[in-house]
Amino acid sequence: MANKLRSSNWFGRTGKDGFIYRAWMKNQGIPDYEFNNKPVIGICNTWSELTPCNAHFRELAESVKRGVYEAGGFPVEFPVMSLGETLMKPTAMLYRNLVSMDVEESIRANPLDGVVLLCGCDKTTPALVMGACSVNIPTIVVSGGPMLTGRHKGLPVGTSDIWRYHDELRGEKITQEELLTIEASMCRSRGHCAVMGTASTMACMVESLGLSLPGNAAIPAADARRKVLAQLSGVQIVKMVEEGIKLSDILTRKAFENAIIANAAIGGSTNFVIHLIAIARRIGVELSLDDFNDIALNVPLITNLQPSGQYFMEDLYYAGGLPAVLKELSNFLHNDCKTVNGKTIRENYESSDCYNRDVISTIDDPFNPVSGVVVLKGNLCENGAVIKPSAATPSLLQHTGKAVVFENIDEYKSRIDDPDLEVDENSILVLKNVGPKGYPGMPEVGNMGLPKKLLEKGITDLVRISDGRMSGTGFGTVVLHASPEAACGGNFSVVQTGDLITLNVHERSLNIHLSDEELQLRKQKFTPSPPITERGYVNLYIQHVQQAHLGADMDFLEGMSGSDVSKDSH
Ligand code: FES
């Protein structure tokens, strides 16, 4: 053992202290030798029936436990707050930072030598990794895996199709009854969304960062090999404890750059930007919004996955999974980065092969030379905004149009289908007050649906700009995360209906055609939001949440406090 076990500060003590720590473990029917002087491995479980994507995690935890026992450790499963993307109101993102606090304090306060994070639905991954980073003990991530591909009337159907079917319902091309059938066809197995949405993006993120065993990103939840990976992760975390490999040994600046490169190549979710910055700021690695443009500059899109492409995560797995993607990216990656199994990222992918070039292309013949997330700057977003060009309409990537402004989501809902709304195919929809503070919680409403009257004319996309986020399953020419957000009194706060806006993704710019003087004049008249009326956690969140370009973490949570427990009451 490289280091003294952290858990021995609990179980290795003599007298009253040791008695109390050990005795109450024994009420679970566990003998001394099971947990004393062995690596104690926490299994941080986001299982919840209110998080359907993670509803199979009790079984997955059993597989991890088998691995921990096999390697000579002692597993203890503990629950943390779970974040179900589909059921939580007003938005699961409001609670990402709260869960990270739960995770951090649960790990630090308990006799844990290492931890396995069971992550699945979108926010559960960044929340758990952020919390674990602030403690920095040996950690490995096991993702829950994607659902099997859904099928409706013989055709594949996934989460990205929800937006399409929603527009078809509003355009009266399908009925509500058919929609019910589509729901059942789409969610036909355990697991998280089967497209390259945020959950799959996060699973790819942890694998490309080196935080999971190779293959973690794409094995379907229903595939028996997901359990095998969980068991092997249980074995590996015990070795990590024995070798003293902490999160900070893996999460170097180079590892973050690898994750940005991989995310570009897979057409990952725009939410990746916010979560990766938040994780970097927890572990103490410098990472700015501009890095996302510079690092992935020449990386093309080499996976053909919805919402940017055609296929599903199940197809990615059969085509070779993320290791096959990383192998294609070998000339871009920092190949010497260490991963949780003690091997470099190159050692992990070098024996992998691609089995389907319709799903994973070569670098020389990519699905799209344009990839990843482009960071925009300009006088409409002084601190930046993002767009995913691979999910956008190419002809709209350079576009000037008149703004149609909605001051908040309620106004959008009440006016979007108003026949008198002055909007046409050249308009730019602007939605304010859906940012971190303004909503609060930065919901996924940025890909706002189009006006019914334009849908009826066959218009399928408009430039849309907001200070909110978009589901990783969403698509369209959608500019997100405008910072500073409308609630904070920047230029985005004062854009008005009729203003001319130019989006130029090629030049990475987003500008409003107003002089500095005019903007200044408008800002002087800007009325800040009324005082906070919320109590409890939401009050704390609004007061401390930072802007999107800083990862939307709370200011007092940045950095790490380590694993020492300064006070000891026994
Ligand atoms: Fe959980 Fe999509 S709703 S991953």
Side-chain angles (χ1 to χ4, degrees), residues 45-58 60 80-96 99 117-129 141-150 156-166 182-207 212 216-223 226 263 266-272 274-275 305-308 311-314 316-317 322 388 391 441-447 469-475:
N45 201 340
T46 48
W47 169 86
S48 168
E49 288 174 342
L50 291 170
T51 306
C53 302
N54 298 14
H56 58 297
F57 279 18
R58 280 173 158 174
L60 212 54
V80 288
M81 182 182 177
S82 191
L83 301 177
E85 197 64 30
T86 51
L87 299 178
M88 291 191 92
K89 292 184 179 184
T91 168
M93 182 64 178
L94 178 60
Y95 306 107
R96 183 200 66 177
V99 173
L117 307 177
L118 296 189
C119 309
C121 199
D122 297 11
K123 307 302 176 295
T124 55
T125 304
L128 268 55
V129 175
V141 179
V142 175
S143 301
M147 284 186 258
L148 298 171
T149 307
V157 55
T159 323
S160 295
D161 295 307
I162 293 174
W163 320 110
R164 222 181 310 273
Y165 285 125
H166 174 64
I182 294 166
E183 289 167 11
S185 306
M186 187 182 80
C187 291
R188 72 180 181 97
S189 85
R190 54 171 59 185
H192 59 243
C193 292
V195 298
M196 187 50 79
T198 302
S200 296
T201 298
M202 291 294 100
C204 291
M205 176 190 78
V206 293
E207 187 171 335
S212 73
N216 172 70
I219 304 172
D223 193 307
R226 176 61 59 186
N263 190 65
I266 60 174
S269 158
T270 46
N271 288 316
F272 168 83
I274 290 187
H275 299 320
L305 300 169
Q306 287 198 21
S308 299
Y311 290 99
F312 294 81
M313 290 303 288
E314 191 181 346
L316 177 64
Y317 179 54
L322 196 69
K388 185 174 170 182
M442 212 181 176
E444 295 184 332
V445 293
N447 55 329
R469 297 178 303 114
M470 169 172 81
S471 163
T473 61
F475 52 87

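Both ligands and their constituent atoms are indexed starting at 1 by order of listing. Both backbone and side-chain heavy atoms feed into the values below; hydrogens, waters and symmetry mates do not.
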Do any protein N, O or S atoms sit under 2.8 Å from atom 2 (Fe) of ligand 1, and which ones are they?
-> Cys193 SG
Any side-chain heavy-atom pair of Ser200 and His192 under 4.5 Å | yes
So, do Leu148 and Arg188 sit near enough that their side-chain heavy atoms are less than 4.5 Å apart?
-> yes
Any residue meeting side chain to side chain contact (heavy atoms under 4.5 Å, CB included) with Ser212, in chain and number order, not counting sequence neighbours = Val206, Glu207, Asn216
Who passes side chain to side chain contact (heavy atoms under 4.5 Å, CB included) against Pro156, sequence neighbours left out?
-> Thr149, Arg151, Phe312
Residues in side-chain hydrogen bond (donor to acceptor under 3.5 Å, both in side chains) with Ser160, at least two apart?
-> none
Give me the one residue out of Thr46, Val141, Val142 that meets side chain to side chain contact (heavy atoms under 4.5 Å, CB included) with Cys119.
-> Val141
